[in-house]
A.B. asks: 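Got a structure here, written out as structure tokens. Questions coming.
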Amino acid sequence: MTAAHRGTARLREGGLSSCSVGGELVVLDLDSSQYLTIRGSGVYLFELLGVARHRDDLVAALLARFEVDECTARADVDRFLADLAEAGLLA
């Protein structure tokens, strides 16, 4: 995870389109014409990132919604934010 996303993160505004397909979220980056498929807890995290969220709030949200330990939740949030940042989807 980059230093910029250890605190607050949110999806970038504009240039993104998404729809649910069979329990997955398909995201189209209109700027790069690339598709991303998001599954499981990532769908929930993606929805939460429509507004700025602190990393710790995302971890707490996973802990409240899924049966997962804190270490796993932190690792999942960090990996998810890093993947979104690499794809250029974070503001």
A.B. asks: Decide yes or no for Arg55 and Thr8: does some side-chain heavy atom of the first lie under 4.5 Å from some side-chain heavy atom of the second?
C.D. replies: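 They are not in contact (no side-chain heavy atoms under 4.5 Å apart), so the answer is no.
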A.B. asks: Once rounded to the nearest 0.5 Å, what's the spacing between atom CG of Leu16 and atom CG of Leu28?
C.D. replies: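 Leu16 atom CG to Leu28 atom CG measures 8.5 Å (nearest 0.5 Å).
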A.B. asks: Go through the steps for Val27 and Tyr35 under the test side-chain contact (heavy atoms from CB on, under 4.5 Å), then give the verdict.
C.D. replies: CA-CA 6 Å; Val27 179; Tyr35 282 96; over 6 Å; no
A.B. asks: Among Asp57, Leu63, Leu62, find the one that has a side-chain contact (heavy atoms from CB on, under 4.5 Å) with Val59.
C.D. replies: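 Option passing the side-chain contact (heavy atoms from CB on, under 4.5 Å) with Val59: Leu63.
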A.B. asks: Minimum heavy-atom separation for Leu48 and Arg53, please, with both atom names.
C.D. replies: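 That would be O-NE, 2.8 Å.
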A.B. asks: If you measure from CZ on Phe66 to CG on Asp76, what distance do you get to the nearest 0.5 Å?
C.D. replies: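 Reported to 0.5 Å precision, the distance equals 9.5 Å.
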A.B. asks: Apply salt bridge (Lys or Arg N to Asp or Glu O under 4.0 Å) to Glu47 and list each qualifying residue two or more places apart in sequence or on a separate chain.
C.D. replies: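 Glu47 satisfies salt bridge (Lys or Arg N to Asp or Glu O under 4.0 Å) with no other residue.
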A.B. asks: Table please: side-chain donor-acceptor pairs of residues 36-45 below 3.5 Å, with sequence neighbours left out.
C.D. replies:
from	atom 1	to	atom 2	distance (Å)
Arg39	NE	Glu24	OE2	3.1

A.B. asks: Do you know which two heavy atoms are closest between Leu25 and Ser18, and how far apart they sit?
C.D. replies: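 Where Leu25 meets Ser18 most closely, the heavy atoms are CD1-CB, 4.0 Å.
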A.B. asks: Grouping I, L, V, M, F, W and Y whenever their side-chain heavy atoms are under 4.5 Å apart, do Leu84 and Val51 come out in a common cluster?
C.D. replies: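 Hydrophobic grouping puts Leu84 apart from Val51.
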A.B. asks: What heavy-atom pair brings Leu90 and Ala9 nearest, and what distance separates the two atoms?
C.D. replies: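 Between these two residues, the closest heavy atoms are CD1-CB, 4.4 Å.
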A.B. asks: Sorted by first residue and then second, give each salt bridge (Lys or Arg N to Asp or Glu O under 4.0 Å) pair with at least one member in residues 26-38; sequence neighbours left out.
C.D. replies: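 Listed by first then second residue: Arg12-Asp29, Arg12-Asp31.
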A.B. asks: State, with a plain yes or no, whether a side-chain heavy atom of Leu58 is found less than 4.5 Å away from one of Leu49.
C.D. replies: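 With C-beta onward as the side chain, the pair touches.
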